[in-house]
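Here the structure is a predicted model, which is why all the values come from computation and not from measurement. Numbering of ligands and ligand atoms starts at 1, following listing order.
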Amino acid sequence: MDSNEAAITQTPELIPLCVPEIRGNEWRYVKECLDTNWVSSGGPFVERFETAFAARLSCEDRKVGAVACQSGTAALHAALMVAGIGPGDAVLVSCMTFIAPANAIRYVGAEPILVDAEPDHWEMDVRLVERYLADRCVTRDGATFDRETGRRIAAIIPVHVLGHPVDMDPLLELARAYGLTVIEDATESLGALYKGRKVGTLGDIAAFSFNGNKLMTTGSGGMIVTGKPEWARRAKHLTNQAKVDPVEYVHDEVGYNYRLTNIQAGMGLAQLEGIDEFLAAKQRIAVRYAEGLADIPGLMPMRAASWADSAWWMYTVLVDAGMYGMDSRSLLRALEAERIQTRPLWRGLHQEGPHAGCLVLGGGVVAARLHADALSLPCSVGLSETAQDRVLHVLASLQGSRR
Ligand SMILES: *Cc1c(COP(=O)(O)O)cnc(C)c1O
């Protein structure tokens, strides 16, 4: 081996954060689209994908419909429109989340109210919602209004972050008592269960995402899921330019081109066929991390609540800088030098320019701490045990190295 070859073999392969897994019928279904010329929004796969997705989410006592669309963000926008949320309304939403749900609230002219996370599982703290509704709102004729601003509190968007469900029973009880529509942002939590019930079927309507880093992907895509057939019809209508005649160009309101294409739906159907294997892989990865991290002081792994079956979408740890020997961002850079890709969690939305002026229940204190200390580790469905062991080995070897 000459020195050049040695240098090459010594560079370890990149371990990416979270990449798609394509190993099923994706090639076949996409080829079928190309072979048959059905490459756009016509063709059989959109309906097949919707039907299969609805079947996956439905159970004996809860049947849901599913409407495919262009992205998870589009799904959230459509869900808000279908729920009749508009200008003058306020919508409660998680503070510690990707920005999409808060942006969607703005698309319909409503105002987000941010709800801080609870420190144990990092989900929306439902007790803060309870206190806000009881102390600062007034209920008239089944609707609830903020006493100070006069705004109607129209809906709540629990974001099930990182694959773990929000504590939904107390939230659903509050929604009933105060007349709030529940729009689940289930974009990160396909496959998760709350007390045995499927996340995304617990509220009035839900949004899923098939972005490239999600559990399953269509490149970009989303799904609106609801148990109300009339809402599903309306979601289909609004995401199809509100066209009312199959031949003539007749439209009865301002609609959107939020359609998924046949090619994307073909890919989605193939991905959905692998979903149980994907979930099992995420679970295996989570268990192996939890075991390995137990021996490394200063790294606190995420934990599932007793009532949760987490989908373990994005495996995340908190870095205790004092105990570990470096903070989360130094660790991110040290891992990058080892060709291991990690990412911090989002900034609390109260720290994000477009939503900085919003009321934030709980002050965003927990969100800010999570943003400072959290690091998501490589957790692709296809992550090998060898690669995961390398991550754990590097994490262990860096511990205390900068003390
Ligand atoms: C991924 C994601 C979305 C939707 O993302 P798209 O890229 O539009 O599919 C919405 N909310 C959260 C919390 C997400 O993580």
Side-chain angles (χ1 to χ4, degrees), residues 17-20 49 53 66-81 91-108 112 114-117 121-124 155-166 168 182-192 199-200 203 205-225 235 239 256-261 264-265 267-268 271-272 278 282 302 310-316 343-352 354-355 367 370-371 374 376 379-380:
L17 180 68
C18 191
V19 291
F49 183 36
F53 200 84
V67 174
C69 62
Q70 237 171 39
S71 70
T73 309
L76 286 164
H77 183 197
L80 282 153
M81 288 191 286
V91 178
L92 294 149
V93 63
S94 305
C95 179
M96 206 283 294
T97 170
F98 180 58
I99 198 168
N103 284 348
I105 291 167
R106 299 284 198 185
Y107 299 165
V108 297
L114 309 174
V115 185
D116 205 354
H121 310 294
W122 317 344
E123 306 297 325
M124 171 187 275
I156 183 164
I157 305 184
V159 184
H160 307 289
V161 292
L162 304 174
H164 189 285
V166 172
M168 287 299 284
V182 178
I183 301 169
E184 293 181 82
D185 182 333
T187 50
E188 300 183 2
S189 294
L190 175 59
V199 160
I205 191 164
F208 288 88
S209 165
F210 312 122
N211 182 37
N213 66 354
K214 297 287 156 62
L215 181 67
M216 55 165 280
T217 185
T218 60
S220 175
M223 196 72 84
I224 304 149
V225 166
T239 53
Y256 295 79
N257 175 8
Y258 278 171
R259 287 183 300 252
L260 198 70
T261 65
Q264 290 170 309
M267 180 163 178
Q271 289 267 292
L272 190 62
F278 292 4
K282 290 285 192 185
M302 64 193 299
S310 179
W312 300 107
W313 167 62
M314 187 63 80
Y315 198 88
T316 302
R343 281 286 174 275
L345 287 183
W346 318 278
R347 294 203 291 178
L349 292 186
H350 64 302
Q351 296 173 315
E352 287 283 30
H355 307 297
L370 291 170
H371 171 243
S376 299
C379 56
S380 304

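Set against the non-hydrogen atoms of Ser209, the atoms of ligand 1 under 4.0 Å away are 1 (C), 4 (C), 5 (O), 6 (P), 9 (O). Close contacts between ligand 1 and Thr97 involve ligand atoms 13 (C) [criterion: under 4.0 Å to a heavy atom]. Of all atoms in ligand 1, listed by their number and element, those nearer than 4.0 Å to a heavy atom of Val159 are 13 (C).
Proximity of Thr187 to ligand 1, defined as any heavy-atom pair under 4.0 Å, is confined to the side chain (atoms from C-beta onward). Under 4.0 Å from ligand 1, not a single heavy atom of Val161 appears. Residue contacts with ligand 1 for Ala100 involve side-chain atoms from C-beta outward but no N, CA, C or O (heavy atoms, distance under 4.0 Å). Neither the backbone nor the side chain of Ala75 comes within contact range of ligand 1; no heavy atom lies under 4.0 Å.
Between the Ser71 side chain and the Gly221 main chain, no donor and acceptor come within less than 3.5 Å of each other. For the pair Glu184 (side chain) and Pro158 (backbone), a donor-acceptor distance under 3.5 Å is absent. A donor-acceptor distance shorter than 3.5 angstrom exists from the side chain of Ser310 to the backbone of Trp312, with no hydrogens or angles considered. Put simply, the side chain of Thr239 never gets that close to the backbone of Cys69: no donor and acceptor are under 3.5 Å apart. Within the 3.5 Å criterion, the main-chain N or O of Met267 finds no donor-acceptor partner in the side chain of Thr218.
Shortest contact from atom 11 (N) of ligand 1 to any protein heavy atom: Asp185 OD2, 2.8 Å. Protein heavy atom nearest atom 8 (O) of ligand 1, with residue, atom name and distance: Thr73 OG1, 2.5 Å.
To the nearest 0.5 angstrom, Cys18 atom SG is 8.5 Å from Leu215 atom CG.
Polar contact with ligand 1: absent for Pro101 (N/O pair, distance under 3.5 Å). At least one N/O-N/O distance between Glu188 and ligand 1 falls below 3.5 Å. Backbone and side-chain nitrogen or oxygen atoms of Lys214 are examined, and one is located within less than 3.5 angstrom of a nitrogen or oxygen of ligand 1.
Remark: aromatic rings of Tyr256 and Tyr107 are distant, center separation not under 6.0 Å.
Not a single heavy atom of Gly222 lies less than 4.0 angstrom from ligand 1.
Between the side chains of His77 and Asn103, no donor-acceptor pair is found at a separation under 3.5 Å.
Contact detail for Met216 and Leu272: the closest heavy-atom pair is SD-CD1, 3.9 Å.
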